[in-house]
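Contents: one structure, followed by commentary.
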2 protein chains.
Amino acid sequence: MYLKHLILRNFRNHKETDFHFSALVNLIYGNNGQGKTSILEAIYFLSTGRSFRTHNLSDLIREGQQYFYLEAHFIKDELQQKLQVYYDETTKRIQYNHTNYPKLTSIIGILPSVLSHPNDLALIIGTPHERRRFLDIYLSQADPLYLHHLNRYYKAMKQRNHALRAQEMQTLPAWEQIMFPSALYLIDKRTELSSYLLDPATEWLSLLSNKKDLLDIHYQSSLAKRDPLKWEKNRHKDMLLKATSLGPHRDDLLFLLSGKQAKNFSSEGQKRSLIYALKLAQWNWMQQKIGYSPLLCLDDFGMQLDPKRQENLISCFSRFKQVFICSANVIKGKFADTTRSFWIEQGAIS
Amino acid sequence: MYLKHLILRNFRNHKETDFHFSALVNLIYGNNGQGKTSILEAIYFLSTGRSFRTHNLSDLIREGQQYFYLEAHFIKDELQQKLQVYYDETTKRIQYNHTNYPKLTSIIGILPSVLSHPNDLALIIGTPHERRRFLDIYLSQADPLYLHHLNRYYKAMKQRNHALRAQEMQTLPAWEQIMFPSALYLIDKRTELSSYLLDPATEWLSLLSNKKDLLDIHYQSSLAKRDPLKWEKNRHKDMLLKATSLGPHRDDLLFLLSGKQAKNFSSEGQKRSLIYALKLAQWNWMQQKIGYSPLLCLDDFGMQLDPKRQENLISCFSRFKQVFICSANVIKGKFADTTRSFWIEQGAIS
């Protein structure tokens, strides 16, 4: 897959910007606040139907304007294809080739991409919730059954919690029976994904750090022993807590660097390298699932990496087919001549 | 004040490192994971009695060792002074000049500093709780009465919430009466600090952004009308929510850039510039309170700033007396010749 041509109209601070991208590396650079990230945001939006910066679509409309419009021309399955999205306060229009689509969520899967953004750091330093969400998002995309079990589990658990608060002891077993098979499914798939990611992520991290940082990933489950009676044994405690204290909704993903928890012991640059390694591993996983190369988008390229690690990261871009990189620093010289570059100023290529 | 000499022994990955600092700018650079941030962590530890990376003091001890030791020699009030901290799993020894101190918290105020760290971004993109905490920490340090009212307010509110949950309507007025004067004190002081910070932060941000980013800061209070009956009017609603829905514990600090919320509308580089401007303004505030220049420590210097903004930031260092800067990139050439620099490799100056 190759995103050839992208048009942004009234999108963020872009009035009307046309990009003719290279099939390999595209470098988008410029000063702070000129509209670099908005270009990745447009690609992400066409890829997922949402923004990674706002939940409110109106935020995406250029100030003083009534609508935004995105148009992407790309080659997929050796065919020239087109995706268009128009939005104003009252109307959403989504067209894929010549077919109208009813909802933004329907475009997921058309233009797959992997994004790395400064906020990804939350994956390491944030709450377990954020790490579970990382796993859930990717598993749900690839496996409809996963989404089914995720919903089933959370719904039954909500009911169990309700019963705990109302002290309705007699209804607990019914909810636990629904929760159990779904819990096992979630734990199995999450463990599977974690160990799938371990190999490529270890390899990427070793490459970035010149073999200095040794990675380990553990999916830590409170139901590790797969004991169906765990909830029963915990009923009294849960009654006091008014909440279900065990289950995949409390699990966590542990990242260890050279045997120590990255969250507490790694430097900012090591954490950032780990994030890159995880994102590249996610790209590997996605490529295997869909059978072709998803777009790779890196915002604030190389931030916090020392020059050697930046160079190492650049050296592996050729393996990712089409790459989009944003940077506030002129790093053009570090890239091969095949890189196409765009200097962005006030929402336009200049 | 001027930190002349700092000794780290078994602190993080530093076995025994001695720093003889310049009274002006000190540049600490080196690759990722070599122990740069640990030097700022040591300074911060001597300044506040705690780390900004961990709550667990044992994390600070070098792997395989039993203790850590920090020793600082500095000039304050034109006198040569000394601060020492020793910690092992069973003992804490704190000595200021030749006096033993009982607790780590007793050293607050001896070696005042302002730190800017990548995680500060939470101040803009994080929850209101983090912004309230930012205000509370600085107000508590400068004003013992503030800490008194903060405790008084939260204790009474906890009791009111308890009464709400227990449906004990009759005790609510008593708690509200305690909460009210303390709430007003907190709101007044927070509003005062917010507007105090606005002027210097606006100036710093204008300097960083070449007058492009216009700042506004608002302290947003749910008790803005100072109505003593607000809680009474809300009792019924609060009973349903089982929580106090109004008061300084729900207030927020709003950062606007050119009239738009920085959280949602600013680029990463603009957010980062805003953080620097706030930290520098905090330095101004602290300097005014204590009557001399606190140390200024900047971790991951210039991250996400474009070259022009980096240059602008460097140009104002001379105003801050002693500055400590960490960077994973060789930015030495950008600094004046008066800068002393330390290349850190595997927890040592090399």
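What's counted below: heavy atoms across the whole structure, side chains too, no hydrogens, waters or symmetry copies. All chains are named by letter (A, B, ...) in the order of the sequence lines, taking the proteins before the strands, and each is independently numbered beginning at 1.
- Comparing A:Gly33, A:Gly35, A:Ser273 by heavy-atom pairs within less than 4.5 Å of chain B, the highest count is held by A:Gly33.
- Residue with the most contacts toward chain B among A:Lys263, A:Lys212, A:Glu63: A:Glu63 (heavy-atom pairs, distance under 4.5 Å).
- Atom CZ in A:Arg165 sits 12.5 Å away from atom CG in A:Leu241 (nearest 0.5 Å).
- The candidate with the highest count of non-hydrogen atom pairs below 4.5 Å against chain A, out of B:Arg309, B:Gln310, B:Arg12, is B:Arg309.
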I would like to know whether B:Asp252 and B:Arg131 meet salt bridge (charged side-chain N to carboxylate O under 4.0 Å, His left out); could you show each step before the answer?
CA-CA 7 Å; B:Asp252 200 356; B:Arg131 288 181 283 280; 2.7 Å; yes

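- With B:Lys271 as the fixed residue, the side-chain contact (heavy atoms from CB on, under 4.5 Å) test singles out one of B:Ile125, B:Leu257, B:Asp120: B:Ile125.
- Of the listed residues A:Asn264, A:Asp59, A:Asn56, the one with more heavy-atom pairs under 4.5 angstrom with chain B than any other is A:Asp59.
- Within the 4.5 angstrom heavy-atom criterion, only side-chain atoms of B:Lys260, from C-beta onward, approach chain A.
- Considering CG of B:Leu274 and OG1 of B:Thr202, their distance stands at 9.5 Å, rounded to 0.5 Å.
- For B:Asn119, the part lying near chain A is the side chain, with the backbone staying farther off; criterion is any non-hydrogen pair under 4.5 Å.
- Residue contact with chain A, scored on non-hydrogen atoms closer than 4.5 Å, is absent for B:Arg272.
- For the pair A:Leu205/A:Gln270, no side-chain contact is recorded, criterion being any heavy-atom separation below 4.5 Å from C-beta on.
- When each of A:Lys308, A:Arg53, A:Gln304 is checked for heavy-atom pairs under 4.5 Å with chain B, A:Gln304 comes out on top.
- Between chain B and the options A:Gly269, A:Ser266, A:Ser38, A:Gly302, the largest number of non-hydrogen pairs under 4.5 Å is found for A:Gly269.
- The part of B:Asp300 that comes within reach of chain A is its side chain, from C-beta onward, which places non-hydrogen atoms under 4.5 angstrom from that chain.
- For A:Phe324 and A:Phe301, the gap between ring centers reaches or exceeds 6.0 Å.
- Between the side chains of A:Asn312 and A:Asn210, at least one donor N or O sits under 3.5 Å from an acceptor N or O.
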